[in-house]
Each structure stands twice: as structure tokens, then as C-alpha cells.
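Here the structure comes first, spelled out in C-alpha cells, and everything after it is commentary.
The analysis underlying the following values was restricted to heavy atoms, covering all of them including side chains, and did not include hydrogens, waters or symmetry mates. Treat the numbers as computed from the prediction; the structure is a model and nothing was measured. The first residue of the sequence shown is numbered 1, and numbering continues consecutively from there.
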Amino acid sequence: MTDEEPQGEDKAPVAVYRRRSLRIIWLLPVIALGIAGWFLYGSLASRGPKIIIQFETADGLEVGKSAIKHKDVVLGIVEGFKPIDGFKHVEVTARMNHLSEDYLNKDTKFWIVRPRVSVEGITGLNTLLSGAYIEMTPGGGEQTDRFTGLETPLLVSPDAKGKSFTLLTDDLGTLEQGSSVIYHGVKVGEILGYQLSTDKPAVAVQIFVNDPYTGLIHTGTKFWNASGIDVSVGAQGLKVAARSLQTIFLGGVMFDVPANGVAGPPATGGDKFTLYSDLRHAEDSVYTTKVRYIIRPEGSIAGLDPGDDVTMFGQKIGQVDDAHIEFNAATGKADKLVIVGIEPERLHFKDLDKHSPDLASKTSTLFQSLAAQKMRAQLVSSNLLSGEKQVDFGFVDDAAPAQVMLGGAYPEFPMAPPDDLASVMRAAKKALASADALISSPETKHSIQELDKTLTNLDSITKKTDAQIGPLLTQLRSFADTADETLKKVGSSGSQGGDLSGALRELKEAARSVRTLADYLESHPESLLSGKSK
């Protein structure tokens, strides 16, 4: 029997089964989750430790925005602030990345970069647009997560090649952190900072000198403050010394081995040196041996101050250490006392060995011999305009026998009367007073009175140190001419008494001295300002 398919209405429906496909839209969340997971993994993998930096102020920093950088590479981001110590300080919390993990050590330094004005100029101007950030300089030591930030930028990198030294001074002057250290006009280092010191002098200045210039510094090197302009008035007149605009306005320290100094072995890092106030004091410091004497001037010691020159035949051989008045209550007298320091290394005597171990005793013996040969100390004017004086050692032909007196704090060297113009005036007036008492001639008396008036006018001009050379020369020549006329009249009167004869000799010498002075001033008028040339 053959099976037949049902026909018509009796035919059964056929069920068709279809497989449903996974739509791609459902894959997008999975892909997004995968990407997010990847970024989360990358973020966690690059995430470094959290650190805390203490600053006095967080001025300019912003949470989530201010970065921590080194050489313009971002190493972290500021996450928060916390005031401590009653708002005296601020703790800045920052999250670092993995690049910085090996450099977060004890000696690592942080500071805030913001616009600053310093001796080196204006820095941090780029932060006006980008905002302040924290600069990091890696250091050594043990790893840590707490740091104390610097309030000023680090001037020298910890890995910089060079050496640090300490300079001791009693006055910082205009020196500041960042001021230059200069050798022969070339900047070789800078001042790191300064602080009060328990040593004397009282200010300790830390400097850093870069390699290879550290080889220029020896134990005999002298440092001096080269800041500003050095103005002085002395025997050589007005002196103005300045190095460069940088040192005038920004300050600086210079160093060198003076011409008469000994360099010595190279200095090692951390050595201490004296910082002198100027080049002159630095150069004078090489003369370490001193032989001191006391002198007792007859005239005024006004214009003589510690540090003034002590000379021999115009050549400096030392300086004044002290000048003061000693009052004796028992006698009621006041003595003028000057202490001078002779520096034997400055002397150029054939038989004096400057390197001898007993240089001081040999110098004392030498000066005892010179005193016996009529060498005397005397006060002389070093500048007529300023009134400054100095002590000069020289031979005096008519000096009375004398010797160095021992027994006091220092030996006392014999003095000669001052030979300046004022002493000539006093001697001349004394001679006129003696002559006036002995000569009875009305005509001669009139001449002497006129001469006395001339002396008085001249003395007044001398004391005022009038810078106009014309009136001074006129008065000087008037005095000399009047003195000559007076001598002629006295000679013709036939009066030759013993006292008068001596007075006339003094008057003649005074006239000659004044005429010589007038001739010199006429040829060298600049000496009123600069002093007598050597």
C-alpha cells in the first residue's frame, strides 16, 4: 500500500526551527569594560607612593592641578593640603608616579616654583600662565615619604661638581644668597647662604666654587667683599674703585693670592677663610709679623685714625693701630698716645731676612740702631684738604740724642716736632713775639706788626684749607716778602742781641720754608687735593 500525502484541509502544518544569532551591540559594553579595565590597570601600574611635603605656605598651588616636576618631566600631582602647627606650616600631600620611586630619598629636595625677584634676576615667569608647581631634585640617603620643602630655590644641584667653603666676616654688607664668586672677572661660583656664627667674625658665609676652578683656591688665598663702590681719601688723594655693574648692584666676592703672599697647598672642601672688607685689607693681611711702638705726639692727633699709614721716607711700612688720649688723674694731665705697628715684611733692608724666625727681634734691634742715628717719628699731613695725617719715620739732622725707651706695654720711639705748615706758622709767630719785645724802633715795630697780620691771615687760610690756590699763594709770598723786608730793617738798625739774633734766624728759616712751599704749590697745585707726591 502506498502512503499518500494528505490532501487539502487534512494536510498538517510543518514546524520550522531557526537558531537565534548573538547581536553585536551587546559586545560594546564588554569592550568598554575591557578598555576601562586596561586603563585602570595602567593607572595602578604607573601609580607611585603618596608623599607629604611641609612648606611655610602653599601659595600658588592647586589640588589636582599643580604638578611635581624634575627637568620639566611630571612626576606627581598635588592631592591636598593640611595646615599644621596652628597654621604656621602647611603639609602638601602629593601622589607620585612609578618613575620617582627610586629617588624619594632623605636628601631629595622640593621647592615651589613661582615668580621670584633675586640677585640673579627674575625667575619663574612661565608660571604666570601655567601656574605654580613643585620642583624636585633627587638626592641620596634612605627612602622616605616625608620631606621639608625649601623656601628658596636650590642654587646648586646635589650632583654638581665643585667644593664648598666657609667665609667668616664681621659685616655681610650687600651680599645675598646667589651673589657671585669671581676670579679675575670670571664667575666661578656663588653664595649659597649665610648665618650667624659662634666664631669671630660673627657671620659665616657659605660659598660653592665649581670645578675646575676649585684648583685656584689655596690655603694662602684671600677673599674680599667686592660689592658696591669703594671711595677713600688718603695720602694719594681721592680713590674710587669698582669692578663691574654686577658687583656694584648685586654684590660679589673676589679672591686671589696677593702679590706678596704665599699660595700654599690646595684647599680642601669645607675650609674656612676670612672675608675681608676690601682688597686693601686682603693685601695687608699677608703681613703677619708686627713690631709695635708707642709715640707721644706734641701736636694735635686730629685726623689720625686706626688703619692710617705708617711710612718711612714715603714708603708704607705699617699702620696705626690706635690713637687716643690717656688722662692721668694723679697729675691732672692728658697725654696723647699713638700705637703704630711696623710690619717687617714691608721693609727692604739689606741685612734683614724677611723669612727669619726671629724677624721681630731683629726688627727691634734695627729700630734701636736707627733711633741712635737720629731717626724720629713725626706726624705729617697726608692730605691738606681732608686734614688727614699719618706717621712718618725719617732722619732729623739737628735732633737731640735719644733712644728707644723700654719697660712699658710697648717700646716708646722718640718723636720729632711736626714739620707741617702749621708748625712753621707757630715758629714764625714765636720769633716775631721775641723780636717785638727787643726792638724799640717804631718803624721796625710797624713792619713786624704788618708781618704778624700777614701771618694771622695766612694761618686762617691754612686752617680753613681753602681750595682756591690763588689767595693762598698770594698770602704765602706776601709773608715771605714782608719777612725779608723786616730782616733788612732789623739788620740796618744795628740791634744784634743774643735773643734777637736767634729769633731772626728762626724768622729767616720760616720765610725760606714758606717761600719753598709757595714755589711747590705753584708748580703742583693739585697737591692740595692729592697730597705731596712721593
| task | Look only at the side chain of Glu190 and the backbone of Ser179, and say whether a donor-acceptor pair between them is shorter than 3.5 Å. | result | no
| query | Of the non-hydrogen atoms in Thr289 and Pro344, which two are nearest, and what is the gap between them? | reply | O-CD, 3.1 Å
| Is a side-chain donor or acceptor of Arg376 paired with a backbone partner of Phe395 at a separation under 3.5 angstrom? | no
| field | Within-4.5 Å side-chain heavy-atom neighbours: Ile325 and Lys336 | value | yes
| request: Report yes if some heavy atom in the side chain of Val203 is under 4.5 Å from a heavy atom in the side chain of Leu196; otherwise report no. | output: yes
| query | For the rings on Tyr293 and Phe367, is their centre-to-centre separation under 6.0 Å? | reply | yes
| Distance, nearest 0.5 Å, that separates CZ of Arg292 from CD1 of Ile339 | 8.0 Å
| request: Would you name the heavy atoms of Ala399 and Lys374 that are closest together and state the gap between them? | output: O-CE, 3.7 Å
| Identified side-chain contact (heavy atoms from CB on, under 4.5 Å) counterpart of Val340 within the set Ile294, Asp308, Ile295, Asp309 | Ile295
| message | Show the nearest heavy-atom pair for residues Val338 and Ala323, with the distance to one decimal. | response | CG2-CB, 4.2 Å
| Should we say atom OH of Tyr213 is surrounded by more than 12 heavy atoms from elsewhere, each under 6.0 Å from it? | no
| note | Output for pair (Gln390 CD, Gln378 CD), nearest 0.5 Å, gives 10.5 Å
| request: Mark yes or no for whether Glu326, through its side chain, and Leu337, through its backbone, hold a donor-acceptor pair below 3.5 Å. | output: no
| said: Is it true that Thr311 and Asp392 share a donor-acceptor pair across their side chains at a distance under 3.5 Å? | reply: yes
| message | Within the structure provided, determine whether Pro266 and His218 are in side-chain contact (heavy-atom separation under 4.5 Å). | response | yes
| said: Within the 4.5 Å heavy-atom criterion, are Val391 and Leu379 side-chain neighbours or not? | reply: yes
| note | Here the gap from Glu345 atom CD to Thr363 atom OG1, rounded to the nearest 0.5 Å, amounts to 8.5 Å
| message | Evaluate Asp256 against His184 for side chain to side chain contact (heavy atoms under 4.5 Å, CB included), listing each step before the verdict. | response | CA-CA 8 Å; Asp256 203 350; His184 289 197; 2.9 Å; yes
| note | Rounded to the nearest 0.5 Å, the CD1 atom of Ile342 sits from the CD atom of Gln319 at a distance of 10.5 Å
| field | Check: Tyr276 main-chain N/O paired with Thr274 side-chain donor or acceptor under 3.5 Å | value | no
| task | Could you grab the distance from atom NZ of Lys272 to atom CG of Leu167, nearest 0.5 Å is fine? | result | 11.5 Å
| said: Side chains of Thr152 and Trp111, heavy atoms from C-beta outward: is any pair under 4.5 Å? | reply: no
| In terms of heavy-atom contacts, does CD of Gln403 have more than 12 from other residues, nucleotides or ligands at under 6.0 Å? | no
| Going by heavy atoms in the side chains, are Ile207 and Phe223 under 4.5 Å from each other? | yes
| remark: Lys109 and Leu150 have their tightest heavy-atom pair at CB-CD1, 4.0 Å
| field | Closest approach of Ser361 to Asp358 (non-hydrogen atoms, all atoms of both residues) | value | OG-O, 2.9 Å
| request: Start with the C-alpha distance between Glu298 and Met415, add both sets of side-chain angles, then the distance that settles side chain to side chain contact (heavy atoms under 4.5 Å, CB included), and finish with yes or no. | output: CA-CA 8 Å; Glu298 295 181 5; Met415 284 286 300; 5.9 Å; no
| request: Classify the side-chain pair Asp284/His281 by whether it contains a donor and acceptor separated by less than 3.5 Å. | output: no
| message | Before you tell me yes or no, could you show the steps for Ile217 and Lys163 under side chain to side chain contact (heavy atoms under 4.5 Å, CB included), namely the whole-Å CA-CA distance, both residues' side-chain angles and the distance that decides it to 0.1 Å? | response | CA-CA 10 Å; Ile217 302 178; Lys163 294 179 181 179; over 6 Å; no
| request: Would you check if Met375 and Phe413 make a side-chain contact, meaning some heavy-atom pair closer than 4.5 Å? | output: yes
| request: Kindly compute the distance separating CG (Leu370) from CE (Met312), expressed to the nearest 0.5 Å. | output: 5.5 Å
| request: Measure the acute angle between the ring planes of Phe165 and Phe273, then classify it against the limits of 30° and 60° as parallel, tilted or perpendicular. | output: perpendicular
| said: Which heavy atom of Pro258 sits nearest to which heavy atom of Val286, and what is that distance? | reply: CG-CG1, 3.6 Å
| Main-chain N/O of Gly162 paired with Asn210 side-chain donor or acceptor, under 3.5 Å | no
| said: Could you check whether any side-chain heavy atom of Leu275 comes within less than 4.5 Å of a side-chain heavy atom of Leu175, counting everything from C-beta outward? | reply: yes
